[in-house]
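The block underneath contains the structure these notes are about, expressed in structure tokens.
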There are 2 protein chains.
Amino acid sequence: MPLDPLSSTFAALADPTRRAILARLALGETSVMELAKPFDMSLPAISKHLKVLEHAGLISRGREAQWRPCRIAPASFKQVDGWLGNFRRFWDESFNRLDGLLEEMKAEEAAKAPPRSNRKVRVKKEKQRGRMRG
Amino acid sequence: MPLDPLSSTFAALADPTRRAILARLALGETSVMELAKPFDMSLPAISKHLKVLEHAGLISRGREAQWRPCRIAPASFKQVDGWLGNFRRFWDESFNRLDGLLEEMKAEEAAKAPPRSNRKVRVKKEKQRGRMRG
DNA sequence: CATCTACTTAGCTCATCGGTTAAATAACCT
DNA sequence: AGGTTATTTAACCGATGAGCTAAGTAGATG
């Protein structure tokens, strides 16, 4: 019987070759040959890895003549991130910190009421998930 | 040969039983018996799952008399989140939006210069990774 | 058509995984 | 000491996974 989607995705990520392929694809769409180059591994092996990644929803593939260009597919990544979010409080300092909460509130407020900056700030009503990186 | 840490962690997460165990542990530290209850599975099976989770750095275990209480261990979760961060731009809208960037800058500024609120806002110099939810 | 390139499929091997039952260990409780 | 409770270890089994080689398919091109 087939695994649930999240399990397939985690299983696909549990291989360094596949993660390296994803890292390469993060730089942009490319062909199977191109993807295979860095690895000391047969082409069929790479083909299998790509199949696993595709089935896990981590990549999608097009057709261009005899090439099958691969690219990152967002959905499964998002799902993993979502699952991980249930545990974020265990390691993300700012997620728990009261100061963090206050900062978030302030940021939200600031976003709603544009400040002295003359730039017109468009803010969607939908959920705001912006991050602060220092 | 043993897998690299990230692979072990993803492999550990690629099983619904283990993820369910983690979900239970997110509610708080508990014993093996307690963890085993929801599952139609032998105790040794659960014990193995816990070993896998421990080896993956996702849980840690204490000793209290004959009990081996398990709890979430943050490090590996954090590592997974970090790896996932390399791909965040592929699915996180606000991560890419220019407005998002501006909002983040503003939030940061607001955090540095406390507003009219009388509360003393302590802000660590280290990286700020607060989130806006709403 | 024949051939070259870019892949995929088929079939095999070997290791690991998830589960089992039976037995061992460990700490508490008469 | 002897028993009960909590948990792990040992030994086994069937399924899956990652790799290989050899052969097959699909499309461009001489």
Side-chain angles (χ1 to χ4, degrees), chain A residues 1-25 28-71 76, chain B residues 1-25 28-71 76:
Chain A
M1 58 193 103
L3 290 176
D4 63 293
L6 206 44
S7 295
S8 309
T9 302
F10 277 126
L13 293 175
D15 182 289
T17 303
R18 286 194 290 260
R19 288 199 309 278
I21 289 175
L22 290 174
R24 167 62 188 82
L25 288 177
E29 176 171 326
T30 193
S31 73
V32 177
M33 288 303 258
E34 197 61 34
L35 284 172
K37 272 182 190 164
F39 303 102
D40 187 18
M41 198 179 290
S42 73
L43 211 53
I46 300 292
S47 189
K48 269 195 188 178
H49 281 306
L50 293 174
K51 200 182 212 168
V52 172
L53 288 169
E54 186 178 23
H55 185 251
L58 288 162
I59 68 171
S60 69
R61 300 204 252 183
R63 284 163 196 254
E64 272 185 51
Q66 64 269 67
W67 294 276
R68 310 296 297 284
C70 304
R71 70 196 78 86
S76 288
Chain B
M1 57 192 109
L3 290 177
D4 62 293
L6 206 43
S7 295
S8 309
T9 303
F10 277 125
L13 293 174
D15 183 289
T17 304
R18 286 194 291 259
R19 288 199 307 280
I21 289 175
L22 290 174
R24 169 60 188 83
L25 289 178
E29 176 170 326
T30 193
S31 73
V32 177
M33 288 304 259
E34 197 61 34
L35 285 172
K37 270 181 191 163
F39 305 100
D40 186 18
M41 196 179 294
S42 72
L43 214 51
I46 300 292
S47 189
K48 274 191 185 182
H49 281 306
L50 292 175
K51 202 182 210 169
V52 172
L53 288 170
E54 186 179 24
H55 185 252
L58 288 162
I59 68 171
S60 70
R61 301 205 251 183
R63 283 162 197 257
E64 271 185 52
Q66 64 269 66
W67 295 275
R68 305 300 208 60
C70 303
R71 70 197 78 86
S76 288

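Side chains included, hydrogens not; waters and symmetry mates left out as well; all remaining heavy atoms used. Protein chains get the first letters and strands the later ones, always in sequence-line order, with residue 1 at the start of each.
Screening residues 2-13 of chain A for side-chain hydrogen bond (donor to acceptor under 3.5 Å, both in side chains) gives A:Asp4-A:Ser7, A:Asp4-B:Arg19, A:Ser7-B:Arg19 as the qualifying pairs, with residues at least two apart or on separate chains. Listed by first and then second residue, the salt bridge (Lys or Arg N to Asp or Glu O under 4.0 Å) pairs involving residues 31-46 of chain A are A:Glu34-A:Lys37 (not counting sequence neighbours). Judged as a side-chain hydrogen bond (donor to acceptor under 3.5 Å, both in side chains), the pairs with a partner in residues 45-54 of chain A (not counting sequence neighbours) are, in order, A:Arg18-A:His49, A:Glu54-A:Arg61.
The shortest distance between side-chain heavy atoms of B:Ile46 and B:Met33 does not fall below 4.5 Å.
When each of A:Leu22, A:Asp15, A:Leu25 is tested with A:Leu53 by the rule side chain to side chain contact (heavy atoms under 4.5 Å, CB included), just one qualifies, namely A:Leu22.
For the residue pair A:Phe39 and A:Ile21, the shortest heavy atom distance occurs at CE1-CG1, 3.9 Å. Between A:Trp67 and A:Ser31, the shortest heavy-atom contact is CD1-CB, 4.0 Å. Of all heavy-atom pairs between B:Ala56 and B:Ser76, the closest is O-OG, 2.7 Å.
Of the residues in residues 35-42 of chain A, those placing a heavy atom less than 4.0 Å from an atom of DNA chain D are A:Met41, A:Ser42, in numerical order. Against DNA chain C, the stretch residues 12-19 of chain B makes heavy-atom approaches under 4.0 Å through B:Asp15, B:Arg18.
Here the straight-line distance linking atom CG of A:Leu35 with atom OG1 of A:Thr17 works out to 12.0 Å at 0.5 Å rounding. Here the straight-line distance linking atom NE2 of A:His55 with atom CG of A:Leu3 works out to 8.5 Å at 0.5 Å rounding.
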Using atom names, set out every protein N or O paired with an N or O of nucleotides 5-9 of chain D below 3.5 Å, distance rounded to 0.1 Å.
residue : atom : partner : partner atom : Å
D:dA6   : O3'  : B:Gln66 : O            : 3.4
D:dT7   : OP1  : B:Val32 : N            : 3.3
D:dT7   : OP1  : B:Arg68 : N            : 3.3
D:dT7   : OP2  : B:Met33 : N            : 2.6
D:dT8   : OP1  : B:Arg61 : NH1          : 2.5
D:dT8   : OP2  : B:Ser47 : OG           : 2.6
D:dT8   : O5'  : B:Ser47 : OG           : 3.4
D:dT9   : OP2  : B:Lys51 : NZ           : 3.2

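We find that CZ of A:Phe10 is positioned 19 Å from C1' of C:dG18, with the value rounded to whole Å.
Distances shorter than 4.0 Å separate none of the side-chain N or O atoms of B:His49 from OP1 or OP2 on C:dC17.
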